Structures are given as structure tokens and as C-alpha cells.
Protein chains: 2
Amino acid sequence: MSQGHTAVPDEVTDACTVRQVLDRVGGKWSIGVLVHACRGPVRFTELERAVEGISRRMLTLTLRNLERDGLLTRTVYPTVPPKVEYTATPMARELYDSLVTLTSWAQRHRADIAAAREAYDREHGRAGDAATDTCPMSGPDLAAAGR
Amino acid sequence: MSQGHTAVPDEVTDACTVRQVLDRVGGKWSIGVLVHACRGPVRFTELERAVEGISRRMLTLTLRNLERDGLLTRTVYPTVPPKVEYTATPMARELYDSLVTLTSWAQRHRADIAAAREAYDREHGRAGDAATDTCPMSGPDLAAAGR
DNA sequence: CAGAATCCTCGGTGATACTG
DNA sequence: CAGTATCACCGAGGATTCTG
């Protein structure tokens, strides 16, 4: 609908759009930060501890990107010591809602994926790593593992 | 609902699930390949030309990952010369549909993001790259730009 | 407390050549 | 045609230190 002069099918347009979104929140830490920011104003060190495993540098960069894209609002309180709060914009909340719809797919097919993986590994002789999803919970402690 | 024994809130669970999905299709080429595979059986070289800018190696790796996750089916025809077809599984189609819902968000807020970027750049004195979305269409030629 | 600056590593990615 | 193998590179990301 946008432009009708190219021979590019809609599927490609969709793919590109998806990629654009993914390029923004597809970063290693974006989602983690976004999630916590969506729950209300969050401070820097708060995030540093909440998003397990993130470094100062990466937190700063992630926040910058999200702020730059208009997904986060940075509020500085000129107190001493300084206090900065990050808040998710309405746009970010919408995005997050959209992203959460993906979880329904994941939950529906969690077993299928695992089965496919197993079948694949069995047939192609264990391609190496188990790659059992890098997720904090149901694991002892991620921060320790990062060492 | 899953487990009630941890102090981990649902938001974090969601975040992790989203990350898991993103880790699978968040790759640079996964979406592109997936899109073409969803339109029907596709052959290797077909994809190599369809997904502009992808290298043989990356195409192979992407296909492997998608196959491993049960998103693609690899069918080998023992002819000569060899012929291999990749087909998206129903699961993959569902995933793709879910991903497409993201495009609605992107389209709704395309202007907002651009505006936010501009505002940010104006206030913080041009952080460097314009970063105007890496997307084939409405651009002359991506393959050439990759050099 | 919140970040900037610097250095360094490691893995994803691309280019090329070879094979069944 | 459909890959595999090998090398070389670059940049995302991590650790540490310094500052307002």
C-alpha cells in the first residue's frame, strides 16, 4: 500500500519492518531493561541489579538506544547525589504488549521446539552445545556463571 | 502460574520467553529466510538470490538453525544434480504471523520513532550515524553498500 | 549515584576456495 | 547444485578506572 511502484511483494515489506523492530529491541539487554522500565520509573543502579548479568557499560548503551528511539524517558533530578529515573513511554508499553504476544506462541510450541532440537541432535549427532535457553530462573545463579 | 515457589514476577518470565524467541529469529538473516520459506518450498540458490546480501555460509548456518528449531523442513531429492527444498513448518507460519503483528506497531509509530530520533539528535548534538533503517527497498542497492 | 572513557577479547560474519 | 572448510576481520560486548 505504501508504494505501488516497486515489484517488492508485501512479504518482503513485512520482513523488513520486523527486522527494524528486531534491530531495536533485539539487543541482548533491551528486553530486560524495557520490562523493568514498564513497571514504573526505575533508577540506574536499580536496573543494574535487576537485569542480572548486565555491565555498567551495556546498561548505559542500552538506555541510550531506548531513549533515542523514544521508548524511554530520562528524568534527571538535580539533587545530590544525582538521581535519574527512566520511564517507559506509552509507545514502549504498546511495543511490549505486542512482544508479549510472542510468548503465547513460545508457550504453545515450547515442547515442539525441544522435540525438534532433540530429534535433530539425535539424527545429526549432537552438534555440540545443548543450548538450553539462557534464562535466569530455574538456574542457580546467572551472575556467578558469568565469571 | 508455572511455578509459584520463586520470587520471580511474571514480567521477568515474559521477558525471558521473548528473549528466547528473539534469540532464534533475531539473527540477521532468519526473518528474511523465514519469509521466503513461508511462501512455499524454496531451494538453496533461490534463497541465496532472494535474500539480498547473504553469503553462502550465513545462508547455510541460518538454514541449519531454523531446521534445528523445527521451523524449516529440509527435503533432499536424490537427483543429479542434487536438489534440496526448504519448507516452513506450520509452527513457523504461526510464528511468522505473530511476528507480523509487530509490523502494526511499527507502522503506527514509525513517525514517532523518527521524531524521537531527530529530537534526541538535536538535543544531544548528533550522536554520529543517521541509522536510517537498514532495509533494501527505497534504497538503491544493499549488496553494493555492504562493501 | 550515574555515567564517560579506555582497553581488550571473542564470536559472529564475510570472502574465498574446495567437494560430492 | 548444495553445500563444507578455512582464514581474516570487525565490532558488540565485558572489565576496569575516572569524574561531576
Side-chain angles (χ1 to χ4, degrees), chain A residues 22-33 37 41-68 72-87 124-125 127-129 131 134 142-147, chain B residues 19 22-30 32-33 37 41-68 72-87 124-125 127-129 131 134 142-147:
Chain A
L22 259 46
D23 281 344
R24 287 188 222 300
V25 296
K28 196 175 182 182
W29 308 107
S30 302
I31 296 293
V33 171
V42 190
R43 302 185 57 180
F44 191 87
T45 29
E46 212 171 331
L47 282 169
E48 197 174 1
R49 276 173 310 200
V51 184
E52 205 103 5
I54 197 173
S55 65
R56 264 206 178 82
R57 193 178 116 93
M58 279 304 104
L59 179 53
T60 304
L61 290 181
T62 305
L63 288 170
R64 279 279 180 280
N65 281 332
L66 293 176
E67 185 195 355
R68 182 186 162 108
L72 287 187
T73 307
R74 194 176 111 115
T75 315
V76 183
Y77 297 92
T79 63
V80 46
K83 177 180 174 180
V84 180
E85 274 185 353
Y86 293 92
T87 318
H124 296 72
D129 60 312
T134 318
L142 183 65
R147 203 59 319 265
Chain B
R19 284 254 77 250
L22 260 46
D23 282 342
R24 288 189 220 299
V25 296
K28 196 176 180 182
W29 308 106
S30 303
V33 171
V42 190
R43 301 186 54 180
F44 190 87
T45 29
E46 212 171 330
L47 283 169
E48 196 174 2
R49 274 174 311 201
V51 184
E52 204 103 6
I54 197 171
S55 65
R56 264 204 179 87
R57 191 177 122 92
M58 278 304 103
L59 179 54
T60 304
L61 290 181
T62 305
L63 288 170
R64 282 277 181 281
N65 282 332
L66 294 175
E67 185 194 355
R68 180 186 164 106
L72 287 187
T73 306
R74 195 178 111 115
T75 313
V76 183
Y77 298 92
T79 63
V80 45
K83 177 180 175 184
V84 180
E85 274 184 354
Y86 294 91
T87 319
H124 296 74
D129 59 311
T134 319
L142 183 64
R147 230 316 66 229

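Chain letters run A, B, ... following the sequence lines, proteins first and then strands; every chain starts at 1. Values in this document were obtained by computation on a predicted structure and should not be read as measured data. When reading the values below, keep in mind they use all heavy atoms of this one structure, side chains included, and skip hydrogens, waters and symmetry mates.
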Backbone N/O of A/Gly26 and side chain of B/Arg19: donor-acceptor pair under 3.5 Å: yes
Residue whose nearest DNA chain D nucleotide is more 5′ - B/Pro81 or A/Met58: B/Pro81
For atom CZ of A/Arg49 and atom C1' of C/dA2, their distance in whole Å: 13 Å
Whole-Å gap separating P (D/dG11) and NZ (B/Lys28): 11 Å
Gap between atoms CD and P, on A/Glu48 and C/dA2 respectively (whole Å): 9 Å
Nearest-angstrom distance from the residue atom CG of A/Leu61 to P of D/dA15: 14 Å
Step-by-step side chain to side chain contact (heavy atoms under 4.5 Å, CB included) determination, B/Thr62 to B/Leu47: CA-CA 11 Å; B/Thr62 305; B/Leu47 283 169; over 6 Å; no
Selected nucleotide, minimal atom distance to B/Ser55 side chain, candidates D/dC1, C/dG14, C/dC1: C/dG14
Side chain proximity check, A/Arg24 to A/Asn65, heavy atoms < 4.5 angstrom: no
5′-ward residue of the pair B/Ile54/A/Val76 relative to DNA chain C: A/Val76
Euclidean distance, atom CG of residue B/Leu59 to atom C1' of C/dA15 [Å, nearest integer]: 15 Å
Stepwise side chain to side chain contact (heavy atoms under 4.5 Å, CB included) test for A/Leu61 and A/Trp29: CA-CA 10 Å; A/Leu61 290 181; A/Trp29 308 107; over 6 Å; no
Whole-Å gap separating C1' (C/dG20) and CZ (B/Phe44): 15 Å
Chi angles and distances behind the side chain to side chain contact (heavy atoms under 4.5 Å, CB included) call for A/Leu59, A/Arg56: CA-CA 5 Å; A/Leu59 179 53; A/Arg56 264 206 178 82; 5.8 Å; no
Short heteroatom pairs, N/O only, protein and nucleotides 4-8 of chain C, under 3.5 Å:
{"residue": "C/dA4", "atom": "OP1", "partner": "A/Arg64", "partner atom": "NH2", "Å": "2.5"}
{"residue": "C/dA4", "atom": "OP2", "partner": "A/Arg64", "partner atom": "NH2", "Å": "3.4"}

Nucleotide nearest B/Arg74 when distance is taken to its side chain, options D/dA2, D/dG13, C/dC1: D/dA2
Value in whole Å for how far the C1' atom of D/dG3 lies from CD of B/Glu85: 16 Å
Closest non-hydrogen atom pair between B/Val42 and B/Ala37, with its separation: CG2-CA, 3.8 Å
Phosphate OP1/OP2 of D/dG3: any B/Tyr86 side-chain N/O under 4.0 Å: yes
Separation of C/dC1 C1' from A/Glu46 CD (nearest whole Å): 13 Å
Below 4.0 Å: OP1/OP2 of C/dA2 and any side-chain N or O of A/Arg43: yes
Close side-chain approach of A/Arg64 and B/His124, heavy atoms under 4.5 Å: no
Closest-nucleotide 5' rank along DNA chain D - winner of A/Pro82 and A/Trp29: A/Trp29
